[in-house]
There are 2 protein chains.
Amino acid sequence: MSARQSRQGAKLYSISELSELYDITSRTLRHYEDMGLLLPERRGQQRFYRERDRVRLQLILRGRRLGFGLREIQEMLDLYDADPTEITQLQEVIRRGDAKLQELQSQVEELQTIIAEIIALRTKMERRLQKIKTGRQE
Amino acid sequence: MSARQSRQGAKLYSISELSELYDITSRTLRHYEDMGLLLPERRGQQRFYRERDRVRLQLILRGRRLGFGLREIQEMLDLYDADPTEITQLQEVIRRGDAKLQELQSQVEELQTIIAEIIALRTKMERRLQKIKTGRQE
DNA sequence: TTCCTTGTTGACGTAAACGTAAATTTACGG
DNA sequence: CCGTAAATTTACGTTTACGTCAACAAGGAA
């Protein structure tokens, strides 16, 4: 029916292709798989990663850069994966999403606090710099 | 006179006072000291933390919540501690501050990307929820 | 076929950030 | 002065997130 679903020409990545693409090692990809974060196709023994896996990997790496643990990232991916049919399940997903949103928001706030402080420091240093410079030229 | 004070009423915290204040263990405080992030006073063998140490601790813990490593936090604290007299040193501090600002800004952006995605997901789930609910009532 | 590249499964190693237990002081209220 | 709570050092343990071999299999190019 849907021509969009598994197209014949959908690109598959080998483990080295994908690792080079994101500048990580293949060990990392296997590790994420061990942790249940990725589930690439298998053709024989070899792994082949679909677009879906690549997108998940992007999310994982972004989470890592932000300091989240793999477990935590797993939970966030679960939100995306969830396809709940029952009302209570839907509500639960929404609830967990909202909880995560709170965390993320306060993280943004803390980051902006630090940013403001560094900017203030920068201003201070700039002023001191100007003072020294003009002092020199007298 | 219950609280221990030094000159001018500056409060000194014992290790347990400070750890309870921030809900961390004394081990953590000693660890931060081993890593060179804190340098409390010593009276005999015992540690006594000044306001300055408390503020630094706050910064450290905020950094940790944001996923920074202790080394990285150390570098950021160095920015605050720096009291450069030479122009080149001043410029270096400003340069490093700006570099850190770039990092922090992009971190905010990545967080906001995630936030937007979760909100979109939430909207989708909400819609689905309404569908099911109205469907039921027919 | 043979060689080379790529990939696979163990399995042990490591760095960071503490946890935790042991053995000893040190400080302080009664 | 004494007992107990609080601190100290020392040192091995733990968790997370991979790094780093080793040993082996499999597919492709020459």
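Residues satisfying the side chain to side chain donor-acceptor pair (under 3.5 Å) criterion with E126(B), sequence neighbours excluded, are R122(B). Residues satisfying the side chain to side chain donor-acceptor pair (under 3.5 Å) criterion with S19(B), sequence neighbours excluded, are absent altogether. When the side-chain contact (heavy atoms from CB on, under 4.5 Å) test is applied to L90(B), the partners found at least two apart in sequence or on another chain are M125(A), R128(A), L129(A), I132(A), P84(B). Listed by chain and residue number, nothing satisfies the side chain to side chain donor-acceptor pair (under 3.5 Å) test with T123(A) (two or more places apart in sequence, or in another chain). Taking R127(B) as the reference, nothing meets the side chain to side chain donor-acceptor pair (under 3.5 Å) condition, with sequence neighbours excluded. The side-chain contact (heavy atoms from CB on, under 4.5 Å) test applied to E109(A) returns no partner, not counting sequence neighbours.
Sorted pairs that involve residues 19-31 of chain A and meet salt bridge (Lys or Arg N to Asp or Glu O under 4.0 Å), not counting sequence neighbours, are lacking altogether. Sorted by first and then second residue, the pairs that involve residues 55-70 of chain A and meet salt bridge (Lys or Arg N to Asp or Glu O under 4.0 Å), not counting sequence neighbours, are R56(A)-D81(A), R62(A)-E117(B), R65(A)-E110(B). Residue pairs meeting the salt bridge (Lys or Arg N to Asp or Glu O under 4.0 Å) criterion with at least one partner in residues 70-79 of chain B, sequence neighbours excluded, are E72(B)-K100(B).
Between Y32(A) and the phosphate of dC18(D), there is a side-chain N or O to OP1/OP2 separation shorter than 4.0 Å. Between S14(B) and dA6(D), a side-chain N or O to OP1/OP2 separation shorter than 4.0 Å is absent. In this structure, T25(B) reaches the dG19(C) phosphate: one of its side-chain N or O atoms is under 4.0 Å from OP1 or OP2.
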Its contact letters, B for base, S for sugar-phosphate only and - for none at protein heavy atoms under 4.0 Å, make nucleotides 8-13 of chain C read BB-B--
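Across the protein-nucleic acid pair, L29(A) atom CG and dC18(D) atom C1' stand 12 Å apart, rounded to whole Å. Atom CG in D34(B) sits about 10 Å away from atom P in dT10(D), given to the nearest Å. Here the P atom of nucleotide dT15(D) and the CE atom of M35(A) are 13 Å apart, to the nearest Å. When the P atom of dC18(C) is taken as reference, atom CG of L38(B) falls 12 Å away, rounded to whole Å. Here the C1' atom of nucleotide dT8(D) and the CD atom of E33(B) are 11 Å apart, to the nearest Å. Atom CD1 in I24(B) sits roughly 14 Å away from atom C1' in dG19(C) (whole-Å rounding).
Using five terminal pairs a side, the axes of the helix from dT1(C)-dA30(D) to dG30(C)-dC1(D) at its two ends make an angle of 0°, given in steps of 10 degrees.
Residues of residues 60-77 of chain B that place a heavy atom closer than 4.0 Å to DNA chain D do not occur.
Ion pairing of D53(A) with R50(A) is present here, as a side-chain N (NZ or NE/NH1/NH2) and a carboxylate O approach within less than 4.0 Å.
Of the possible donor and acceptor atoms, none in the side chain of T28(A) sits under 3.5 Å from a partner among the backbone N and O of I24(A).
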